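The next block holds one structure in the form of structure tokens; read it before the comments.
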There are 2 protein chains.
Amino acid sequence: MSSQISSTTTGASSQPRYAAIKAHIRAQIESGEWPAHFRVPSENQLAQDFNVSRMTARRALSELTDEGVLMRSQGLGTFVAEPVPAGSLLEVRNIADEVAARGHSYGNRILKLEQAIASTEVAVALGLAEGAAVYHSIIVHLDNGLPIQFEERYTNPTLVPEYLQQDFSAATPNEYLTRVAPLTEADTTVEAIGADGAVAEALEIDKGSACLQIWRRTMSRAGTVSFARLVHPGNRYRLGAQLRF
Amino acid sequence: MSSQISSTTTGASSQPRYAAIKAHIRAQIESGEWPAHFRVPSENQLAQDFNVSRMTARRALSELTDEGVLMRSQGLGTFVAEPVPAGSLLEVRNIADEVAARGHSYGNRILKLEQAIASTEVAVALGLAEGAAVYHSIIVHLDNGLPIQFEERYTNPTLVPEYLQQDFSAATPNEYLTRVAPLTEADTTVEAIGADGAVAEALEIDKGSACLQIWRRTMSRAGTVSFARLVHPGNRYRLGAQLRF
DNA sequence: TGTACACTCTTGTATATACAAGCTTGGTTG
DNA sequence: CAACCAAGCTTGTATATACAAGAGTGTACA
């Protein structure tokens, strides 16, 4: 075949060729032509359609995947990703409820559930003495099987002595804590970070990829109940907050 | 030349080869061996050192660049990026001061400065009637010449009638507004978004790449002064907030 | 009937090669 | 001395090719 449209060697007159392919795919998605879960043409198909090599078509698909627009899986194909879900910061809502509200299935993986010794930072946050015993849990929350939150939590054992005995596959820590110690106040800190090793592995993303990290200290009438670090993959979450000061 | 260490064709026994190169570079940076602005070995050099092709070495460098670890520029080389600067959400600080506090040079580009008609959304935010006249400005703020904030702002002309006459290359809108209408309150919303076309162009990043977007409505005793949308490239900014409720 | 195997399509990794284009350096020339 | 130009480095784009590995399909054989 084939037309051999213009120059064989590139030249990059103005924009690279893979950009045109990316733009085309984006347009199809934005116009609604290709809905979520739609199967995108294969690398070879795109290469043929746009008269470029497979590696060039591949680059377009790879970049869109990095940007969260597409999802790929070896042997199956490339698919339009779901739009990023939106979560709320202000209401300290249960992540399981958020997922359910989207009509998705909720799941979690309990990576750690133990008693530990408070570091200086944790002790200060919980209002305990350094070296005091605290409960430490690490849980990954799943939305349709896909990790969307890494939760590392330190809990005050004097206020919630039965924390370690809970079945967190049934009710999330947040749900349990708000039930046994109704919260009156919370400090929250938001930042954008690159995933470290442990987080990257747990969330099944590349080390260093962008995440939203939330630090939250929840307080009840009796004192500081819990100190949590919540990390969301940037690609799979969106976060809104109304702050007032 | 060459050793031809093992198999010519890949095999991908466990981890891809570019991962080893990425890990090596990360290790050098984390150990402090390669400080910010350090010039990383070239693609050809790495290819030789690790006994891979240039394209494989290139992949390692490209991915680390996407992740914000490195910076590349054609003709010059590849360099270790500065750690992402941290900004504050709570204190509504002047972006110029933030930049100066880091010892960097501040600059800006004024893309738009005009009178406009309030859309429904803007009218509601500013407490004006739909269709009322508002001042509209778009400014890009630069840190050492690199765009770090896209600021789109709607200002209430009844409270700040001389807004359009200001020289915003000398004092940022924020600085001017806090001087003429001391703020008493602010609503802020934070979310992670993919850059749209206009933002991507202004911030010199790829369309769709991750950004922190802040909506902020500032109020003074006399009423709502201004409604701003601030977009930071995720790679070049970090944001902290203490929320309380 | 049912299991195993081969075939085919997909994405993933890796290489060798070519040329484009940006920046620095050094030499040549006016 | 200054201006210009060529050489040599860098990264950026593009191709053709090869093999690896995951997933589905269908056929042949026990």
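Lettering of chains follows the sequences in order, A, B, ..., and the numbering in each one begins at 1. Excluded from the calculations below are hydrogen atoms, water molecules and symmetry mates; all remaining heavy atoms, backbone and side chain alike, are included. These figures come from a predicted structure and were not determined experimentally.
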message = If the cut-off is 4.0 Å, is A:Thr56 near the phosphate of D:dT13, judged by side-chain N/O to OP1 or OP2?
response = no
message = In whole Å, I'd like the distance from the CD atom of B:Glu63 to the P atom of D:dG12.
response = 14 Å
Interatomic distance where CE belongs to A:Met71 and C1' belongs to D:dG22 [whole Å] = 15 Å
ask   = Which nucleotide, D:dT11, C:dT11, C:dA14, lies nearest any side-chain atom of B:Pro16?
value = C:dA14
ask   = When the distance from CD of A:Gln48 to P of C:dC9 is rounded to whole Å, what number comes out?
value = 13 Å
remark   = Rounded to whole Å, CD of A:Gln74 lies from P of D:dA20 at a distance of 13 Å
message = I want to check one thing: is the phosphate of D:dC9, taken as OP1 and OP2, less than 4.0 Å away from some side-chain N or O of B:Ser42?
response = no
query = Distance check: side-chain N/O of A:Tyr18 vs OP1/OP2 of D:dA14, anything under 4.0 Å?
reply = no
Residue B:Leu76, side-chain atoms from C-beta onward, closest of C:dT24, D:dA14, D:dG22 = C:dT24
request  = Using the closest heavy atom to pick a nucleotide of DNA chain D for each, name whichever of A:Met55 or B:Ser73 lands nearer the 5' end.
outcome  = B:Ser73
task = Evaluate the criterion side-chain hydrogen bond (donor to acceptor under 3.5 Å, both in side chains) for residue pair B:Asp49 and B:Gln45; output intermediate values, then yes/no.
result = CA-CA 6 Å; B:Asp49 294 352; B:Gln45 188 60 51; 3.0 Å; yes
message = What is the distance, to the nearest angstrom, from the CD atom on B:Glu43 to the P atom on C:dA14?
response = 16 Å
Short side-chain donor-acceptor distance under 3.5 Å, B:Arg17 and B:Thr56 = no
request  = Hey, could you give me the NE2/CG distance between B:His141 and B:Leu230, rounded to the nearest 0.5 Å?
outcome  = 7.5 Å
request  = Starting at atom CG of A:Leu61, determine the distance to atom P of C:dT11, rounded to an integer number of angstrom.
outcome  = 7 Å
request  = Kindly say whether, by distance alone, the side chain of B:Arg54 makes a donor-acceptor pair under 3.5 Å with the base of D:dG12?
outcome  = yes
query = When you match A:Arg58 and A:Gly75 each to their closest nucleotide on DNA chain C, which lands nearer the 5' end?
reply = A:Gly75
task = Verify the contact: side-chain N or O of A:Thr78 to OP1 or OP2 of C:dT10, cut-off strictly under 4.0 Å; return yes or no.
result = no
Whole angstrom value for the distance that separates C1' of D:dT13 from NZ of A:Lys22 = 14 Å
key: Exercise: do B:Thr172 and B:Tyr106 side chains pair donor with acceptor under 3.5 Å   = no
task = To the nearest Å, give me how far apart CG (B:Asp66) and P (D:dG12) are.
result = 10 Å
message = If the cut-off is 4.0 Å, is B:Arg59 near the phosphate of C:dT13, judged by side-chain N/O to OP1 or OP2?
response = yes
query = Of the candidate nucleotides D:dG12, D:dA14, C:dT15, which contains the atom at the shortest distance from the side chain of B:Ser53?
reply = C:dT15
query = With a 3.5 Å cut-off and no angle check, do the side chains of A:Ser169 and A:Asp167 form a donor-acceptor pair?
reply = yes
task = Output the single nucleotide from C:dT15, C:dT10, D:dA14 whose closest atom is nearest the side chain of A:Arg17.
result = D:dA14
